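Read through the structure below, which is laid out as structure tokens, and then see the notes.
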Amino acid sequence: MHVTGTAPLPAPAPSESLAAPAGDPQGTPGSRHARRFGLPVATALVMGNIIGGGIFLLPASIAPYGTVSLVAFGVLTIGAIALALTFGKLAARDPRTGGPYVYARGAFGDFAGFLAAWSYWITTWVSNAALAVAAVGYLDVLIPVSGHRWTACLAALAIQWLPALANFAGTRYVGAVQLVSTVLKFVPLLLVAVGGLFFFDPSRLGPFNSSGHGAIGAVSASAALLLFSYLGVESAAVSAGEVRNARRNVGRATVIGTAGAALVYLLGTLSVFGTVEHHRLVNSTAPFSDAVNAMFGGSWGGWAVALAALVSMVGCLNGWTLLSAQTPYAAARDGLFPAAFTRRRRGVPTVGVAVTVVLASLLTAYNYLSGSGKVFEVLVLVTTFTATVPYLLATAAQLFHLVSGRADSVDRGRLVRDAVVTSVAAAFSIWLMAGAGYAAVYQGALFLFAGVLVYAVMTARRARAAEPHTA
């Protein structure tokens with residue numbers, strides 16, 4: 001009898017999380033190019049993936065709502081920290097590569113695990129394409145490339161393939177690029193976030209609520225723009241197999257990285273609010289540049305911030321490229337994705353990286369050559385929905401463990417605290433999904449249902465392979 005999708009995953013052996021497939025000597029932990037991440041790099045991965053290029057436009061995006069948007073920041077930060085704590089608990093229980101996929105499959109079986117892997121994979125490669133296109137806008141400040149469609153397209157493709165090449169070189173280089181890019185991009189961000197406080201003028205803040213709605217409505221409206229600023233909290237959990245002492249360090253890196261990103265977001269936005277006149281900020285296309293110019297005078301701020309944004313986005317792409325290959329790798333290892341995704345070289349699932357960057361490149365080229373960004377914009381919005389599917393499944397898995405009360409899965413002394421934190425994380429995930437909008441949820445559901453067909457084919461192949469051969 002062949003049964004699929006019902007049995008929970010067995011507890012992994014201590015070394016299982018990093019076990020490379022047979023015949024992959026370069027993917028073994030001892031390889032010169034495959035190096036397991038420590039706490040600093042894992043934290044940098046989380047912060048680098050949360051803080052992409054969006055922070056450089058964020059203050060202008062929420063300025064029309066007034067300073068009430070800072071309240072929304074606080075509410076969202078609580079939700080993001082709760083989600084980070086939940087991932088830490090789940091990783092301590094099962095520290096294998098795959099993150100939400102591993103947790104969903106362990107609690108609910110193959111189908112839930114596949115949905116988590118499928119939706120997360122869609123999120124990563126579509127987001128990579130979006131990030132590369134956005135990075136071209138900042139590159140144009142330094143080197144004019146947007147004047148011709150082909151030039152801009154080639155620049156966007158180059159921005160995607162450089163991080164992919166770093167991934168092909170091995171996890172050793174992925175970690176190095178991630179750590180350096182995270183440090184470099186925080187220099188200008190902290191300059192504004194901390195230095196701006198010395199130039200802070202409360203008279204520039206503008207009204208508390210300029211949205212035209214009540215306070216609660218204004219918080220919700222501004223939160224719709226801020227909700228997606230925290231995507232990436234799962235980064236360390238997804239790459240848990242490459243993290244040293246994952247049971248301990250994944251949770252610490254996730255919480256520290258999320259809290260650090262939240263602090264930078266909040267201080268940076270507050271400083272920009274207090275250094276740029278409200279009426280100018282509402283119409284600004286480069287709020288951090290305007291803040292630097294207001295602080296020190298001159299027009300060099302635009303160049304500095306453009307460079308910082310470019311470094312930020314390339315570093316973000318570096319981390320997301322790795323994550324885009326990790327989930328399909330974990331699913332393929334369990335027979336839920338094509339077996340080719342299990343191929344690793346120098347610690348990196350190379351087929352996953354290659355397929356992801358090719359798909360993202362095709363989408364990028366289509367965006368430029370079609371002459372219309374509408375289809376592309378819809379796909380980007382879909383990622384805000386697809387990203388929350390694995391979040392919700394992961395929090396549901398944690399609730400499953402807590403309610404089941406199994407002694408080997410639950411710390412009874414912290415049951416109430418863990419239940420409250422997980423409930424907040426689940427509510428945060430649902431809020432993220434609602435904030436994506438009706439169109440994104442509709443389109444995202446179609447993507448998920450397309451995945452059901454893929455699951456049917458993969459499950460049928462597994463069932464056929466499991467049948468006894470008869471003469």
Side-chain angles (χ1 to χ4, degrees), residues 5 8-9 49-50 75-91 93-94 98-124 126-127 220 223-224 226-238 240 251 254 258 323 326-327 330-331 336 381-404 409 418-452 455:
L9 288 172
N49 285 349
I50 293 177
V75 174
L76 291 174
T77 298
I78 293 173
I81 294 294
L83 190 59
L85 289 168
T86 300
F87 276 122
K89 287 289 185 180
L90 289 164
R93 182 181 296 111
D94 193 343
Y101 158 74
V102 171
Y103 313 144
R105 183 172 182 262
F108 309 120
D110 287 351
F111 186 59
F114 174 83
L115 286 181
W118 178 260
S119 57
Y120 191 78
W121 186 53
I122 292 171
T123 300
T124 55
V126 177
S127 295
S220 297
L226 296 170
L227 283 170
F228 316 114
S229 303
Y230 288 101
L231 295 181
V233 298
E234 75 290 342
S235 302
V238 172
T254 301
T258 303
L323 295 188
Q326 297 288 27
T327 297
L336 299 181
L381 284 175
V382 167
T383 67
T384 62
F385 166 78
T386 56
T388 59
V389 173
Y391 286 1
L392 191 57
L393 286 170
T395 55
Q398 176 68 348
L399 284 174
F400 167 80
H401 292 302
L402 293 175
V403 174
S404 66
S409 298
D418 289 345
V420 171
V421 169
T422 306
S423 298
V424 172
F428 177 69
S429 301
I430 293 173
W431 195 12
L432 277 169
M433 192 174 292
Y438 291 108
V441 171
Y442 169 74
Q443 298 288 344
L446 294 181
F447 269 88
L448 287 181
F449 288 134
V452 172
Y455 176 78

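Here the structure is a predicted model, which is why all the values come from computation and not from measurement.
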Exercise. By side-chain contact (heavy atoms from CB on, under 4.5 Å), which residues pair with L399, not counting sequence neighbours?
Worked result: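 Residues passing side-chain contact (heavy atoms from CB on, under 4.5 Å) with L399: T422, S423.
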Problem set entry | Listed partners of F449 passing side-chain contact (heavy atoms from CB on, under 4.5 Å), at least two apart |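 By the side-chain contact (heavy atoms from CB on, under 4.5 Å) rule, F449 matches A445, V452.
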Can you list the residues that meet the side chain to side chain donor-acceptor pair (under 3.5 Å) rule with [X], with sequence neighbours excluded?
{"X": "T327", "result": "none"}
{"X": "T123", "result": "T386"}
{"X": "W121", "result": "T356"}

Problem set entry | Passing candidate, side chain to side chain contact (heavy atoms under 4.5 Å, CB included) with T395, options V421, T86, I430 |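 Single side chain to side chain contact (heavy atoms under 4.5 Å, CB included) partner of T395 among V421, T86, I430: T86.
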For [X] and [Y], work out which heavy atoms get closest and say how close.
{"X": "P390", "Y": "S119", "result": "CD-OG, 3.2 Å"}
{"X": "M433", "Y": "T388", "result": "CE-OG1, 3.3 Å"}
{"X": "I50", "Y": "G232", "result": "CG1-C, 3.7 Å"}
{"X": "A104", "Y": "A112", "result": "CB-O, 3.9 Å"}
{"X": "H401", "Y": "A107", "result": "NE2-CB, 4.5 Å"}
{"X": "G79", "Y": "V424", "result": "CA-CG1, 4.2 Å"}

Calculate, to the nearest 0.5 Å, the distance between atoms [atom1] and [atom2] belonging to [X] and [Y] respectively.
{"X": "L115", "Y": "L392", "atom1": "CG", "atom2": "CG", "result": "11.5 Å"}
{"X": "F385", "Y": "Q443", "atom1": "CZ", "atom2": "CD", "result": "11.0 Å"}
{"X": "I78", "Y": "F428", "atom1": "CD1", "atom2": "CZ", "result": "11.0 Å"}
{"X": "L402", "Y": "K89", "atom1": "CG", "atom2": "NZ", "result": "9.0 Å"}
{"X": "L76", "Y": "L83", "atom1": "CG", "atom2": "CG", "result": "12.0 Å"}
{"X": "E234", "Y": "L90", "atom1": "CD", "atom2": "CG", "result": "12.5 Å"}

Exercise. Parallel, tilted or perpendicular for F87 and Y103, by the 30°/60° rule?
Worked result: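 Rings of F87 and Y103: tilted, 30 to 60°.
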For this session: Before giving the answer on side chain to side chain contact (heavy atoms under 4.5 Å, CB included), spell out for W431 and V75 the whole-Å C-alpha distance, their side-chain angles and the decisive distance to 0.1 Å.
Result: CA-CA 11 Å; W431 195 12; V75 174; 3.7 Å; yes
For this session: Taking the six-membered ring for Trp and the single ring otherwise, decide whether the centroids of F400 and F108 are under 6.0 Å apart.
Result: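 Yes, ring centres under 6.0 Å apart.
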For this session: Go through the structure and list residues passing ring pair (Phe, Tyr, Trp, His ring centres under 6.0 Å) with F114, not counting sequence neighbours.
Result: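 F114 satisfies ring pair (Phe, Tyr, Trp, His ring centres under 6.0 Å) with W118, F337, Y455 once adjacent residues are dropped.
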